Amino acid sequence: MIDIRLVREDADTVKAALGRRGVDAVEIDRLVALDAAARSAVGSRDELRARVKALSREVGEARRAGDTARAETLAAESRAAGDEERTHNNRAEAAQEAVRRALLYLPNLPDAEAPDGAGPEDNVVVRTWPEAPAAYGDHQRVPHWDIGAQLGLLDMARGAKLSGSMFPLYRGAGARLVRALESFALDRHADEYEEIRPPTLVLTETMVSTGHLPKFEEDAYHVERDDLWAIPTAEVPLTSMWRGDVLDEADLPLRLTAGTACYRREAGAAGRDTRGLLRVHEFEKVELFAYTTPEQARPQLASMVARAEGMLRDLGLRYRVLDLCSGDIGNSAARTFDLEVYSPGVDMWLEVSSVSWCSDYQARRAAIRYRPAAGGGPVFVHTLNGSALAWARIWAALVETGRQPDGSVVLPEVLAPYLRGGTVLGAG
RNA sequence: GGAGGGAUGGCAGAGCGGACGAAUGCACGGCUCUUGAAAAGCCGCGAGGUGCGAGCCUCCGUGGGUUCGAAUCCCACUCCCUCCGCCA
């Protein structure tokens, strides 16, 4: 969440920044009013509390002095003040809860450098690799679901039989390819990132910390019996690893990577791009994650984009980098770069990575701070996360791109060590 | 699932109804001593909110309760540890 003090002291800046992402200024005015009401309620509550405490102290003194009559009088007075305090307290707590709730629903302020825009159509293509348009043969113009079925790599029908539509089931070499990709990614980032294997069912608090709750409840799977949520991304558990903690500046940047299944209900995307692996409810993804100081955040963001890009180059996939406009940046992020690969069979650009800088928005929700080496009180860390990469769509792009005139699929050499050398699928 | 123990500041750990936001140690910051460092000594040192300020308020796992007054007593819950049972 954003800092209530910023809202209070400079509402115009907040209105302007959030206006860039389509938040109505009226919401800020409402929040300012709620905040003023809450502070006034807390003030009168606190005055009464101070009175009760002072009287109680006097009761104790009178009692020790043996003045029972005086003690009784003071106790009665304190009791009356306490009753009054209770009603004021209820009012104050309700007012504070209203402020907190409003803050939890407000998105992060976009970074000044993020381009302006209302929606996906306004995102800026920063670069495309390779720059020259690539030529694709007819043999590559076959969608991955057909290739997957032909070569026995992907069985969407049996996946649906088990779990409903949009739950892929990989078979044989197709399954091995997913595993290979995950190992390839984790090994590649082991130089700077500690590998984590987190739980994928998490508490409500863990989902609130990243901003996935309460606003986006409809997008997540919930296990009701135990009140646990299936993570939509490893960013969720990784953010909460140090929730409520105070780190040392020397610990930063603290970088983590994790390969997990990701679960998404895709509630708002009914019927759109749902064939094959384009949009699925469950997919594997390797995530890069970092806690940093504010100064380290921008270079860290650039570094994460570069790492994801490097993988796409080595996988031989054509891709482009998008600088998301203010209207399309995710709720918790201040700046986001998306990576899309071109997949010739479906003739589409597929989003395979989203790298975001969340400034202190998540850290404030999760109370993650660090003690500056230069001294002074603890300050909020910055959090960054980026996919490297999401495998379902990479799988699709690899299979479509690598398809040969004879119908077999040739995979990039970098995966050879993870495929027991077998980089050709369906040969002969 | 059963029995027992526990949860207090960055960490460890005392306190078990009244000046306790909390002893002590470690860590950390400043100073003295020293050529420098170490050691030693002295001083400081939790977080948040609110107020121009003195100050006031909140926080001892969470939520309720008892009381004039709760870190301290009672109830419920969560989590951790030990043992037993079950289990991939």
Side-chain angles (χ1 to χ4, degrees), chain A residues 1-9 31-104 197-209 223-229 237 240-252 254 291 293 360 363-381:
Chain A
M1 56 194 157
I2 61 176
D3 191 347
I4 184 63
R5 278 172 298 191
L6 180 64
V7 177
R8 193 182 295 153
E9 287 158 19
L31 178 55
V32 168
L34 283 174
D35 174 55
R39 278 188 298 158
S40 132
V42 168
S44 56
R45 189 267 317 266
D46 285 356
E47 261 175 56
L48 282 162
R49 275 195 184 165
R51 187 167 153 69
V52 170
K53 287 181 92 165
L55 284 167
S56 295
R57 206 174 303 131
E58 287 183 54
V59 172
E61 281 163 11
R63 204 151 274 171
R64 268 192 298 281
D67 190 346
T68 315
R70 182 173 149 73
E72 288 307 316
T73 309
L74 287 166
E77 212 176 313
S78 174
R79 202 178 301 126
D83 287 343
E84 201 183 339
E85 187 266 353
R86 216 181 312 271
T87 59
H88 281 257
N89 184 42
N90 290 341
R91 194 182 309 158
E93 283 184 355
Q96 285 183 309
E97 181 53 31
V99 171
R100 182 175 158 73
R101 200 169 166 74
L103 274 175
L104 280 178
R197 195 83 186 182
T200 52
L201 293 179
V202 299
L203 301 172
T204 296
E205 205 182 339
T206 304
M207 289 282 278
V208 170
S209 292
V223 183
E224 229 172 84
R225 187 185 174 94
D226 297 292
D227 193 18
L228 290 169
W229 300 82
S240 280
M241 275 182 73
W242 276 273
R243 184 175 68 218
D245 287 337
V246 180
L247 299 159
D248 283 327
E249 182 169 350
D251 296 333
L252 304 176
L254 182 48
Y291 299 94
T293 67
D360 60 3
R364 186 170 285 110
R365 293 170 88 105
I368 305 162
R369 294 170 296 173
Y370 73 96
R371 206 173 289 284
V379 303
F380 290 112
V381 301

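Values below: every heavy atom of this structure, side chains too, minus hydrogens, waters and symmetry copies. So you know, we letter chains A, B, ... as the sequences are listed, proteins then strands, and number each from 1. None of these values were measured; they are calculated from a predicted model.
Between G9(B) and C45(B), the distance separating the two C1' atoms is 11 Å to the nearest Å. With C1' as the reference atom, U67(B) and U72(B) are 13 Å apart, rounded to whole Å. Taking atom P on both A47(B) and A14(B), the two are 24 Å apart, rounded to the nearest angstrom. For the C1' atoms, the distance linking G36(B) with U24(B) amounts to 33 Å, nearest Å. Across the C1' atoms, C83(B) and G44(B) are found 46 Å apart, a figure rounded to whole Å. Going from the C1' atom of A70(B) to that of G15(B) covers 13 Å, rounded to whole Å. C60(B) and A23(B) are spaced 14 Å apart, taking the C1' atom of each and rounding to whole Å. Separation of the C1' atoms belonging to G46(B) and C20(B) is 14 Å when rounded to the nearest angstrom.
Taking atom CZ of Arg49(A) as the reference point, atom P of U50(B) lies 16 Å away to the nearest angstrom. Separating the CZ atom of Arg100(A) from the C1' atom of G48(B) is a distance of 14 Å, rounded to the nearest angstrom. Taking atom CD1 of Ile368(A) as the reference point, atom P of A47(B) lies 18 Å away to the nearest angstrom. Atom CD of Glu9(A) is separated from atom P of G49(B) by 11 Å (rounded to the nearest Å). For the pair Arg369(A) CZ and G46(B) P, the interatomic distance rounds to 14 Å; values are reported in whole Å. Between the P atom of G10(B) and the OH atom of Tyr370(A) lies a distance of 17 Å, rounded to the nearest Å. The separation between Gln96(A) atom CD and C59(B) atom P is 12 Å, rounded to whole Å. Atoms CG (Asp248(A)) and C1' (C26(B)) sit 14 Å apart, rounded to a whole Å.
Remark: Glu205(A) CD is loosely packed, at most 12 non-hydrogen atoms of other residues, nucleotides or ligands lying under 6.0 Å away.
For Glu72(A), the side-chain hydrogen bond (donor to acceptor under 3.5 Å, both in side chains) criterion is met by Arg63(A), not counting sequence neighbours. Shown here are the side chain to side chain contact (heavy atoms under 4.5 Å, CB included) partners of Glu47(A), two or more places apart in sequence or in another chain: there are none. Taking Asp46(A) as the reference, nothing meets the side-chain hydrogen bond (donor to acceptor under 3.5 Å, both in side chains) condition, with sequence neighbours excluded. Residues passing the ring pair (Phe, Tyr, Trp, His ring centres under 6.0 Å) test with Tyr291(A), sequence neighbours excluded: Trp242(A), Phe289(A). Checked against salt bridge (Lys or Arg N to Asp or Glu O under 4.0 Å), Arg64(A) has no partners two or more places apart in sequence or in another chain. Under the side-chain hydrogen bond (donor to acceptor under 3.5 Å, both in side chains) criterion, Thr204(A) pairs with Trp229(A), not counting sequence neighbours. The side chain to side chain contact (heavy atoms under 4.5 Å, CB included) search around Leu103(A) returns Met1(A), Ile2(A), Ile4(A), Leu31(A), Val99(A), not counting sequence neighbours. With sequence neighbours left out, Asp83(A) forms a salt bridge (Lys or Arg N to Asp or Glu O under 4.0 Å) with Arg86(A). Not counting sequence neighbours, Arg100(A) has no partner by the side-chain hydrogen bond (donor to acceptor under 3.5 Å, both in side chains) test.
Within 4.0 Å (heavy atoms only), Arg70(A) reaches no atom of the nucleic acid at all. Note on Glu77(A): nothing from the nucleic acid sits closer than 4.0 angstrom, heavy atoms only.
Under 4.0 angstrom from either OP1 or OP2 of C20(B) there lies no side-chain N or O belonging to Lys53(A).
Interface residues of residues 34-47 of chain A facing RNA chain B, ordered by number: Arg39(A), Asp46(A); criterion, heavy-atom separation under 4.0 Å.
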Anything under 3.5 Å between a protein N or O and an N or O of nucleotides 64-70 of chain B, put it in a table, one pair a line.
from: C68(B); atom 1: OP1; to: Arg79(A); atom 2: NH2; distance (Å): 3.3
from: C68(B); atom 1: O2'; to: Ser56(A); atom 2: OG; distance (Å): 3.0
from: C68(B); atom 1: O2'; to: Ser78(A); atom 2: OG; distance (Å): 2.3
from: C68(B); atom 1: N4; to: Arg63(A); atom 2: NH1; distance (Å): 2.7
from: G69(B); atom 1: O4'; to: Ser56(A); atom 2: OG; distance (Å): 3.1

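Arg57(A) contributes atom CZ, which lies 12.5 Å from atom CG of Leu74(A) (distance to the nearest 0.5 angstrom). Here OG1 of Thr206(A) is found 9.0 Å from CG of Leu228(A). Values are rounded to the nearest 0.5 Å.
Put simply, the side chain of Glu85(A) reaches to within 4.5 Å of the side chain of Arg45(A), judged on heavy atoms.
Helical stems in RNA chain B, defined as runs of 3 or more consecutive Watson-Crick or G-U wobble pairs with both donor-acceptor distances under 3.5 Å, are listed by first residue as B:1-7 with B:78-84, B:10-12 with B:24-26, B:28-32 with B:40-44, B:46-50 with B:55-59, B:61-65 with B:73-77.
The 5' end of RNA chain B is approached more closely, in terms of each residue's nearest nucleotide, by Val246(A) than by the other of Ala373(A) and Val246(A).
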